[in-house]
Undergrad: 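Below you'll find the structure I mean.
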Amino acid sequence: MRNIWLLLALTLFFISCRAQKEEQLEVPALLDKGKEIILHRKSYVVSYNQGLKIPNWVAWHLTAEHADGDIKRFASYLEDEEVPKPRATNEDYKGSGWSHGHMCPAGDNKWDAEAMKESNLLTNMCPQDRSLNSGLWNRIEMDCRKWAKKYGSVYIVCGPLLYNKEHETIGANKVVVPEAFFKVILCMQGRPKAIGFVVKNNAGTKKKDQYINTVDEVERLTGYDFFPALPDNIENDVESHANIDDWK
DNA sequence: CGGCCCTAATTT
DNA sequence: AAATTAGGGCCG
């Protein structure tokens, strides 16, 4: 009798795992326990790094319907009360010389007022070079919205890259300034495909095509496992290729 | 090159 | 809260 209950419990556990994976194709495999706080927002999931005061990664499913809308950008940035202090505040960014770099962009949240407001939480931000923010990074974000409309939806993960031992920080709460950023994008329409970008956090960026990487390469740089819910044969295929011509 | 679409900071 | 300023890239 006891074994039957155990079997039932295990079965339910595996079914629930499977269901969650299928719903959240964009969410990377979790990191070592204790190193992250997972926060579920209306339009994205964030793995928050309490030590760095910035996200490890932010993941979202950008659909065609979410790629446009009438909701205006939220007027102010919001300290995230859900994570423990010390945490990023508006004071930390003020006068720092670094701009508020959305990970899940405001432009992907025009479809819903609550989603737009949540996009302005400081747990969705990294200190980002201003010209990168409005330049190349913005271009990539606009491409993602274009692809979401063209293909129906795309799955996106992005976040900071920290390859130095020591990091610049801003403000009294020592919010870490990343050395670079990564973004990986998966499209499941037709033959599944994926592409990655790696961009240094400075003003010296040039043509977008120079920053293309395979997902495998971004996994090597981050140590993360992206799109783990994909069947292994598809995951291996899409993550080892990155061809911008497939996306034009 | 100017006009336009985005980003965000600053000023009123 | 709203308007203005500023940075960047694409498109014609």
Side-chain angles (χ1 to χ4, degrees), chain A residues 41 43-44 46 53-55 57-58 60 62-80 87-151 154 156-161 168-173 175-183 185 195-212 244-248:
Chain A
R41 309 294 186 204
S43 72
Y44 63 91
V46 52
K53 287 91 183 176
I54 54 176
W57 50 254
V58 177
W60 66 105
L62 180 61
T63 63
E65 302 77 52
H66 290 188
D68 230 321
D70 300 322
I71 304 295
K72 295 268 196 296
R73 173 178 278 258
F74 196 72
S76 60
Y77 300 103
L78 304 167
E79 185 175 343
D80 194 336
R87 60 193 178 214
T89 66
N90 288 316
E91 280 302 308
D92 294 325
Y93 279 81
K94 196 167 290 180
S96 71
W98 296 92
S99 72
H100 295 78
H102 286 76
M103 295 295 101
C104 182
D108 288 10
N109 290 280
K110 292 181 180 172
W111 57 284
D112 183 86
E114 188 186 347
M116 177 61 87
K117 184 174 179 180
E118 286 181 342
S119 83
N120 260 30
L121 286 163
L122 291 177
T123 44
N124 181 43
M125 306 274 166
C126 292
Q128 191 171 47
D129 177 82
R130 183 163 175 194
S131 66
L132 172 64
N133 197 345
S134 62
L136 177 63
W137 196 254
N138 182 28
R139 281 287 128 193
I140 296 172
E141 291 174 340
M142 290 165 79
D143 282 343
C144 288
R145 289 193 283 272
K146 192 179 69 190
W147 292 330
K149 290 177 188 172
K150 178 177 178 184
Y151 300 123
V154 288
I156 305 171
V157 189
C158 75
L161 279 172
E168 183 177 345
T169 65
I170 58 171
N173 296 301
V175 181
V176 164
V177 180
E179 283 90 53
F181 296 95
F182 72 87
K183 177 167 275 186
I185 302 141
I195 194 165
F197 295 91
V198 173
V199 188
K200 284 189 178 161
N201 192 12
N202 61 40
T205 52
K206 301 182 180 115
K207 284 201 65 182
K208 186 176 60 195
D209 292 17
Q210 290 180 239
Y211 304 92
I212 292 170
I244 192 67
D245 293 330
D246 294 342
W247 299 77
K248 281 171 176 164

Undergrad: Less than 3.5 Å between a donor and an acceptor, one on the side chain of A/S134 and one on the base of C/dG8, is that the case here?
TA: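 Under the 3.5 Å cut-off, the side chain and the base do not form any donor-acceptor pair.
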
Undergrad: So, OP1 or OP2 of B/dT7: does either fall under 4.0 Å of a side-chain N or O from A/R145?
TA: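 Yes.
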
Undergrad: Please work out if A/N138 contacts a base, only the sugar-phosphate, or nothing of the nucleic acid, heavy-atom cut-off 4.0 Å.
TA: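 Contact class for A/N138: base.
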
Undergrad: What's the CZ-P distance between A/F74 and C/dA2, to the nearest Å?
TA: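 After rounding, the reported distance stands at 12 Å.
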
Undergrad: With a 4.0 Å limit, can you tell me whether A/H102 has a side-chain N or O closer than that to the phosphate oxygens OP1/OP2 of B/dT7?
TA: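 Negative; the distance criterion is not met.
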
Undergrad: Tell me the interatomic distance from A/D129, atom CG, to B/dT7, atom P, rounded to whole angstroms.
TA: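 Result: 17 Å.
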
Undergrad: Do you know the tightest heavy-atom contact between A/A180 and A/K200?
TA: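 Reported closest heavy-atom pair: CB-CA, 3.8 Å.
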
Undergrad: Taking the side chain of A/N133 as its heavy atoms from C-beta onward, which of B/dA9, B/dT7, B/dC5 lies nearest to it?
TA: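 The nucleotide sitting nearest to the side chain is B/dT7.
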
Undergrad: Is the closest basic N to carboxylate O distance between A/D68 and A/R145 below 4.0 Å?
TA: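 No, A/D68 and A/R145 are not salt-bridged.
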
Undergrad: Looking at A/R130 and C/dA6, is any side-chain donor or acceptor paired with a base atom of the opposite kind under 3.5 Å?
TA: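 Indeed there is one.
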
Undergrad: Can a side chain N or O of A/S131 be found less than 4.0 Å away from OP1 or OP2 on C/dG8?
TA: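 For C/dG8, OP1 or OP2 has a side-chain N or O of A/S131 closer than 4.0 Å.
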
Undergrad: Please report the distance, rounded to the nearest Å, between CE in A/M142 and P in B/dT7.
TA: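 Atom-to-atom, A/M142 to B/dT7, this comes out as 8 Å.
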
Undergrad: Starting at CD1 of A/I140 and ending at P of C/dG8, how long is that distance when rounded to a whole Å?
TA: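 It works out to 16 Å between those atoms.
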
Undergrad: Nearest whole Å is fine: how far is B/dT10 C1' from A/H100 NE2?
TA: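 Computing the A/H100:NE2 to B/dT10:C1' distance gives 13 Å.
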
Undergrad: Please tell me if A/Y77 has a side-chain N or O lying less than 4.0 Å from either OP1 or OP2 of B/dA9.
TA: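 Checking A/Y77 against B/dA9: at least one side-chain N or O falls below 4.0 Å of OP1 or OP2.
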
Undergrad: Establish, for the pair A/K183 and A/W137, whether the NZ or CZ atom is under 6.0 angstrom from the six-membered ring centre and no further than 45 degrees off its axis.
TA: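 A/K183 over A/W137 ring: yes.
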
Undergrad: Nearest whole Å is fine: how far is B/dC6 P from A/R139 CZ?
TA: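 My rounded result for the distance is 9 Å.
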
Undergrad: To the nearest 0.5 Å, how far apart are NZ in A/K146 and CZ in A/R139?
TA: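 Between atom NZ of A/K146 and atom CZ of A/R139 there are 9.0 Å.
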
Undergrad: Tell me the interatomic distance from A/D108, atom CG, to B/dC5, atom P, rounded to whole angstroms.
TA: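 Rounded to whole Å, this separation is 18 Å.
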
Undergrad: Whole angstroms only, please: what is the CG-C1' distance between A/L132 and C/dA6?
TA: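 So the two atoms are 16 Å apart, to the nearest Å.
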
Undergrad: Should the pair A/Y77 and A/H102 be assigned to parallel (<30°), tilted (30 to 60°) or perpendicular (>60°) ring geometry?
TA: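 Answer is tilted, since the angle falls between 30° and 60°.
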
